[in-house]
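Every heavy atom of this structure was used, including side-chain atoms; hydrogens, water molecules and symmetry mates were not.
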Amino acid sequence: MTTVKTNIHFLDSYLLSPTNPIRVHVIGAGGTGSKFMTALMEINHSLLEMEHPGLDVHLWDDDIVTASNIGRQRFAESEKNLYKSQAVINRLNRWAGTSWKAETKKFQRDADGKIPNGAGASIYVSCTDTVESRIEISEIIRLLNKDYGFHRDKGRYWLDMGNTKFSGQGILSTIGKIEQPTSKRFKTFEKLPSIIDEYGTAMQNSEQQDDTPSCSLAESLAKQDLFINSTIAQLGGSLLWNLLKTGMTENRGFFLNLQNFKSQPIAVGS
């Protein structure tokens with residue numbers, strides 16, 4: 001009788017038992033990013049309670065908090081006109097006693113093609129709303145991995161989260177190949193494809209660019225449902241938390257449709 005092995009990806013060996021806090025770059029502090037940061041704070045606290053060194057998080061966003069952000073994004077009236085990244089980081093640092101950092105600029109190369117200082121991290125989390133930004137993140141990660149190949153903060157994972165009005169997804173990918181242990185019980189996968197690897201061409205063909213800012217919460221809600229961002233953020237947080245906690249995952253992402261309350265996992269190897 002042939003035994004069917006379960007498809008599994010095992011966590012990078014360094015991240016399983018790191019000697020220093022894991023550097024995480026979150027890119028985008030809007031609807032999903034501002035709420036995912038709360039999930040990261042909870043993950044960090046839980047890891048510290050488990051005698052893990054925790055997370056060292058940098059939040060990248062050059063946008064300013066406006067009236068239309070309050071209500072759907074995690075910002076207060078008193079935070080209007082502040083940088084989104086600073087508002088979130090200051091709030092979480094006061095709350096949790098962390099020393100996380102706000103980067104009040106975009107995660108992108110400059111006009112000369114230079115990568116921003118301090119862009120190296122073990123885990124990248126993108127919460128942006130354009131295909132162009134995801135392609136740029138993918139390219140920066142690729143270039144950094146050439147320079148950081150043997151560095152503590154070399155890139156290991158990229159979690160991308162995105163959504164439309166009622167639906168969305170989260171996709172966890174490896175940056176390069178992650179060496180896997182030999183297993184008689186599991187079929188292991190050293191590489192998990194990124195959203196660009198799988199859907200880049202289709203995303204470019206289907207994207208309808210709309211850079212017009214929403215002037216009110218009502219206008220913003222016409223584009224994205226009130227709870228789509230927070231649901232995506234919680235599912236993404238759960239995916240990352242379980243990988244760090246158990247050291248393995250059977251799923252590399254999820255699809256969500258909030259209109260009919262359906263969530264579908266994306267299995268490793270699929």
Using distance alone, with no hydrogens and no angle criterion, decide if [X] and [Y] have a side-chain donor and acceptor under 3.5 Å apart.
X: Asn93; Y: Thr98; answer: yes
X: Ser85; Y: Asp61; answer: no
X: Glu250; Y: Asn7; answer: no
X: Arg185; Y: Thr6; answer: no
X: Gln73; Y: Lys35; answer: no
X: Ser133; Y: Asp129; answer: no
X: Asp160; Y: Ser126; answer: yes

Report yes if some heavy atom in the side chain of [X] is under 4.5 Å from a heavy atom in the side chain of [Y]; otherwise report no.
X: Asn90; Y: Trp100; answer: no
X: Phe75; Y: Leu82; answer: no
X: Arg72; Y: Asn229; answer: yes
X: Cys127; Y: Val125; answer: yes

N-O pairing of [X] and [Y] below 4.0 Å:
X: Asp63; Y: Lys84; value: yes
X: Glu79; Y: Arg91; value: yes
X: Glu103; Y: Lys101; value: yes
X: Arg23; Y: Asp56; value: yes
X: Asp12; Y: Arg156; value: yes

Begin from the C-alpha positions of Trp60 and His25 and carry the test ring pair (Phe, Tyr, Trp, His ring centres under 6.0 Å) through to its verdict. CA-CA 7 Å; Trp60 298 69; His25 283 332; 5.4 Å; yes

Run the ring-ring contact (aromatic ring centres under 6.0 Å, His included) test against His9 and tell me which residues pass, sequence neighbours left out.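 His9 satisfies ring-ring contact (aromatic ring centres under 6.0 Å, His included) with Tyr157 only.
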
Report the C-alpha separation of Thr188 and Lys5 in whole Å, then their side-chain angles, then the decisive distance to 0.1 Å, and conclude whether the side-chain contact (heavy atoms from CB on, under 4.5 Å) test is met. CA-CA 9 Å; Thr188 59; Lys5 293 184 177 181; over 6 Å; no

Set out, in order, the CA-CA distance, both residues' side-chain angles and the distance that settles side chain to side chain donor-acceptor pair (under 3.5 Å) for Asn242 and Ser238, then state yes or no. CA-CA 6 Å; Asn242 280 291; Ser238 181; 3.3 Å; yes

Exceeds 12 heavy-atom contacts within 6.0 angstrom, atom NZ of Lys105: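 Count over threshold, so yes.
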
Classify the angle between the aromatic ring planes of Phe186 and Phe10 as parallel (below 30°), tilted (30 to 60°) or perpendicular (above 60°).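 Judged by the thresholds at 30° and 60°, the geometry between Phe186 and Phe10 is perpendicular.
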
